[in-house]
Amino acid sequence: MAGMYGRVALVTGSSRGVGRGIALRLAAEGAAVAVNYRRGADAAAEVVAEIVAAGGHAKAYAAAIDDQAAVDAMVDAVNADLGPVDLLVSNAGTASRGQTVAETPGADFLSLLQVHALGPIHLIQRVLPGMRAAGRGDVVMISSSTVSEAPENSAPYTMAKAAMEMCVRTLAREERAHGIRANIVAPGLVETDMGRRLVRAATGGGAIEDIAGSYPFGRVCTPADIGGAVAFLASADAEYVTGQRITVDGGGRSITVV
Ligand SMILES: NC(=O)c1ccc[n+]([C@@H]2O[C@H](COP(=O)([O-])OP(=O)(O)OC[C@H]3O[C@@H](n4cnc5c(N)ncnc54)[C@H](OP(=O)(O)O)[C@@H]3O)[C@@H](O)[C@H]2O)c1
């Protein structure tokens, strides 16, 4: 429980799924965790209760990542309650509607860009001054292994994730002088609500359990796998690691429609 003692982590979209796994892991390492959610107040409260029951420190904060005023209010509240954020995990996100580029309305491209890139960039801009003042900080972005594969019917999602990846890689170079590191974790298919929806869409109603055996190690990725990668990147063991992208997909194979 000592590795991240004294640190303040903000994990966007941590009421469920991947973000929940990250929040639980960082709290277990000793960080105080701001559990962000959009609508699921009860689920966020459960994550906080689980952390507190295990002896950790956490508080829930509502804010849609694509709503700048809500994000500003959240950052102010986290500052007042827990202190300045020195570990930001940008995880909140939604998938696109599975349409071709030709069919996709412009508004869908814009909305995915807001959620996966423009909203997170605003949040990064809000927490950077505190990290710079402390001379230390970590930004970890949760992308997707599919971004490098450019699968059909997913352009709004992969395009927005790719935009954010480029921003994070640039940030990593720019902020080295301030002791701030920025890295990317790119999961393959993860066992979450989103992952289950994607499998249903790709298989005509199938379940993750039906296909897990065909994945590396006989299973798909779990939120705890991603929590482990994030914990490593934010740890002292990764002190010389920045601007990197770690793919966590068991070594290859991803579902075709994401
Ligand atoms: N699952 C996969 O197979 C997979 C694979 C590769 C990458 N990823 C990435 O991993 C991240 C997490 O995905 P997941 O599978 O955990 O999704 P999920 O199970 O659908 O959970 C999404 C989480 O994000 C929150 N959220 C959604 N939109 C938000 C917004 N606009 N502002 C703030 N919070 C928001 C949700 O909160 P509410 O419930 O309150 O809405 C929830 O806590 C995403 O960035 C996704 O692209 C997932």
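Order of listing sets the numbers, starting from 1, for every ligand and every atom in it.
The shortest distance between side-chain heavy atoms of Tyr61 and Asp81 falls below 4.5 Å. Side chains of Tyr157 and Val115 form no contact here, defined as non-hydrogen atoms less than 4.5 Å apart. Proximity of Glu191 to Glu209: side-chain heavy atoms (C-beta onward) are separated by under 4.5 Å at one or more points.
Rounding to the nearest 0.5 Å gives a distance of 11.0 Å between CZ of Arg176 and CG of Leu171.
Of all atoms in ligand 1, listed by their number and element, those nearer than 4.0 Å to a heavy atom of Asp66 are 31 (N). Residue Tyr157 approaches ligand 1 through these ligand atoms, each under 4.0 Å from one of its heavy atoms: 7 (C), 8 (N), 9 (C), 46 (C), 47 (O). Which parts of ligand 1 touch Ile65 is read off a 4.0 Å heavy-atom cut-off, strictly below it: atoms 30 (C), 31 (N), 32 (N), 33 (C). Near Asn36, the atoms of ligand 1 lying under 4.0 angstrom from a non-hydrogen atom of the residue are 33 (C), 34 (N). Of all the atoms in ligand 1, the ones that sit under 4.0 Å from a non-hydrogen atom of Gly17 are 16 (O). Residue Leu189 approaches ligand 1 through these ligand atoms, each under 4.0 Å from one of its heavy atoms: 3 (O). Below 4.0 Å from some heavy atom of Gly40 lie the following atoms of ligand 1, by number and element: 38 (P), 40 (O). For ligand 1 and Arg39, the ligand atoms under 4.0 Å from any heavy atom of the residue are 38 (P), 40 (O), 41 (O).
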Extract all donor-acceptor atom pairs below 3.5 Å that involve side chains of residues 43-50 and protein atoms in other chains or at least two apart in sequence.
unit_1	atom_1	unit_2	atom_2	d
Glu50	OE1	Arg20	NH2	2.7

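Taking all heavy atoms of Thr192, Val190, Val18, Ile22 into account, the minimum distance to atom 3 (O) of ligand 1 is reached by Val190. Within the set Gly195, Ala63, Ala62, Ser145, the minimum heavy-atom distance to atom 33 (C) of ligand 1 is found for Ala63. Among Ser143, Ala92, Gly19, Gly13, the residue whose heavy atom sits closest to atom 7 (C) of ligand 1 is Ser143.
Contact annotation: Ala186 has no heavy atom less than 4.0 Å from any atom of ligand 1. Within the structure, the closest approach of Val220 to ligand 1 does not fall below 4.0 Å when heavy atoms are considered. Using a 4.0 Å heavy-atom cutoff, Asn91 is listed among the residues neighbouring ligand 1. Look at Gly188 and you'll find a heavy atom under 4.0 Å from some atom of ligand 1. Glu191 does not count as a contact of ligand 1, since none of its heavy atoms falls under 4.0 Å from the ligand.
Only side-chain heavy atoms of Lys161 come within less than 4.0 Å of ligand 1; its backbone N, CA, C and O stay farther off.
Within 6.0 Å of the CZ atom in Arg136, the count of heavy atoms belonging to other residues, nucleotides or ligands exceeds 12.
Salt bridge status for Asp66 with Arg38: absent, with no side-chain N to carboxylate O gap under 4.0 Å. Ion pairing of Lys161 with Glu165 is absent here, as no side-chain N (NZ or NE/NH1/NH2) approaches a carboxylate O to less than 4.0 Å. With respect to the salt-bridge test (charged N to carboxylate O, under 4.0 angstrom), the residues Arg16 and Asp193 qualify.
Counting only N and O atoms by type, the side chains of Ser111 and Asp108 include no donor and acceptor under 3.5 Å apart.
Residue contacts with ligand 1: Tyr37 is placed with no nitrogen or oxygen under 3.5 Å of a nitrogen or oxygen of the ligand (distance criterion only). Residue Leu198 places no N or O, backbone or side chain, under 3.5 Å from any N or O of ligand 1.
If you chain together hydrophobic residues whose side chains sit under 4.5 Å apart, Leu113 and Ile65 never meet in one group.
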- Task: Begin from the C-alpha positions of Arg132 and Glu175 and carry the test salt bridge (Lys or Arg N to Asp or Glu O under 4.0 Å) through to its verdict.
- Result: CA-CA 8 Å; Arg132 285 181 172 184; Glu175 296 300 323; 2.7 Å; yes

